[in-house]
Amino acid sequence: MDSPFLEYLQARRADIEAALAGALPAPPGCPAVVADAMRYSVTAGGKRLRPVLCLASADAVGGDRALAMPAACASELIHTYSLIHDDLPAMDNDTLRRGRPTLHVVAGDGMAILAGDGLLTEAFALLARAPETTDPVIVARKLRVVGLIANAAGAMGMVGGQAIDLACSTADPGGRRAPPLDADGIRVMHARKTGALIRASAVAGAIMGGAGPGTIDQIDAAAAELGLAFQIVDDILDVEGVLAHLGKTPGKDAAAGKPTYPALYGLASARRMAADCLERAETTLRATGLAESRLMDIGRWIVNRSN
Ligand code: GRG
């Protein structure tokens, strides 16, 4: 990563940490027991990829970054909820996340479910209240972003993708299990499970930044490529990554017999596929004059990361 981008990343992350700290519910309005559980997972670290992407999108279209901050934080709150629920014994049953014991390990399954529920709901409360404005143009953008993020997080997006994954990897109480996915099925499952929120984060930033419809569509298309690249690299890291960098248990997908990109195509081809995604994203962004924006730096970060 070149150093201007590293500086940008550090600065945006600092902004995001401060905004997240201010957005999290706290006593006396919120009972301390669930406030603490939510804060435990949100402040455990994490790359903040989705909120950084959201802010970079607003920057790329020349918008006011502050207008995009609530959407940036909402995407991270929703992402963190999804990790808490995914780690539960009823789902992926993981004990380590972001370098810490998972929330259900320290607070119990019930409190982890509630903290996830709280984060998801709080994301939409935040989108409703901020940025605080009566300007009808900004109010219309906010409303559009609420719908966009709801679709990405819900049954048509992340929840739907997780449901497909669960149905294929686990038998239901009647012993029924969905048939294994083919390569196209896997791509669609990931597009929902991880791609949808990544895409929505980038598009929300563009909308709040006041981009026109053509630019929003191009950012959406490029972010879809970045989302796929993210997943492919995540699968590669599951094979090659070390716990100290990942902050979560490596090798879990392979051990669970999950169909990963390296398992399907081999490591070298999977790497090539991630690089191809980046190239397609660049071509798309070039058409809107955004190939030199931070969005492409984020794409390179996604492909070259070690966690
Ligand atoms: C429970 C509704 C529901 C959905 C869960 C996203 C997800 C859906 C499950 C996570 C499973 C998983 C580990 C998928 C691989 C891709 C992924 C989302 C990795 C974690 O995201 P990062 O790398 O994490 O952005 P940090 O900690 O850096 O924020």
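Keep in mind that the numbers below use all heavy atoms, side chains included, and drop hydrogens, waters and symmetry copies. Residue indices begin at 1 and follow the sequence shown. Remember, it's 1-based here, ligands and their atoms both numbered in the order they're listed. In this text the structure is predicted, and so the values were computed from the model without any measurement.
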Evaluating non-hydrogen atoms only, which member of R48, Q162, K47 is closest to atom 3 (C) of ligand 1? Q162
Distance in Å, S201 OG paired with I149 CD1, rounded so as to fall on 0.5 Å steps: 6.5 Å
Heavy-atom nearest neighbour in the protein, as seen from atom 12 (C) of ligand 1, with distance rounded to 0.1 Å: D86 OD2, 4.3 Å
L49 and ligand 1 - part of the residue with a heavy-atom distance under 4.0 Å: neither
Is a salt bridge present between R129 and E122, judged by a nitrogen-to-oxygen distance below 4.0 Å? yes
Atom 18 (C) of ligand 1: which protein heavy atom is closest, and how many Å away? T194 CG2, 3.5 Å
Under a 4.0 Å N-O cut-off, is there an ion pair linking R39 with D36? no
Got the closest protein heavy atom to atom 25 (O) of ligand 1, with its distance? R50 NH1, 2.8 Å
State plainly whether the residues D172 and R177 are in salt-bridge range, i.e. N to O under 4.0 Å. no
May I ask you to say whether D276 pairs ionically with R280, meaning some side-chain N is under 4.0 Å from a carboxylate O? no
How far is atom 27 (O) of ligand 1 from the closest protein heavy atom, and which atom is that? R98 NE, 2.8 Å
Which protein heavy atom lies closest to atom 6 (C) of ligand 1, and at what distance to 0.1 Å? S82 OG, 3.5 Å
Could you tell me whether E17 and R12 make a salt bridge, using a distance below 4.0 angstrom between a side-chain N and a carboxylate O? no
Checking a contact table here: which protein heavy atom is nearest atom 17 (C) of ligand 1, and how many Å away? F230 CE2, 3.8 Å
What I want to check is whether the side chains of T284 and Q218 have a donor and an acceptor closer together than 3.5 Å. no
Return the closest protein heavy atom for atom 21 (O) of ligand 1 as residue, atom name and distance. H79 CE1, 3.2 Å
At what distance is the nearest protein heavy atom to atom 2 (C) of ligand 1, and which residue and atom is it? Y81 OH, 3.4 Å
Non-hydrogen atoms of D234 versus ligand 1: any pair closer than 4.0 Å? yes
Check this for me, if you would: do D234 and R305 make a salt bridge, where the nitrogen-to-carboxylate-oxygen distance has to be below 4.0 angstrom? yes
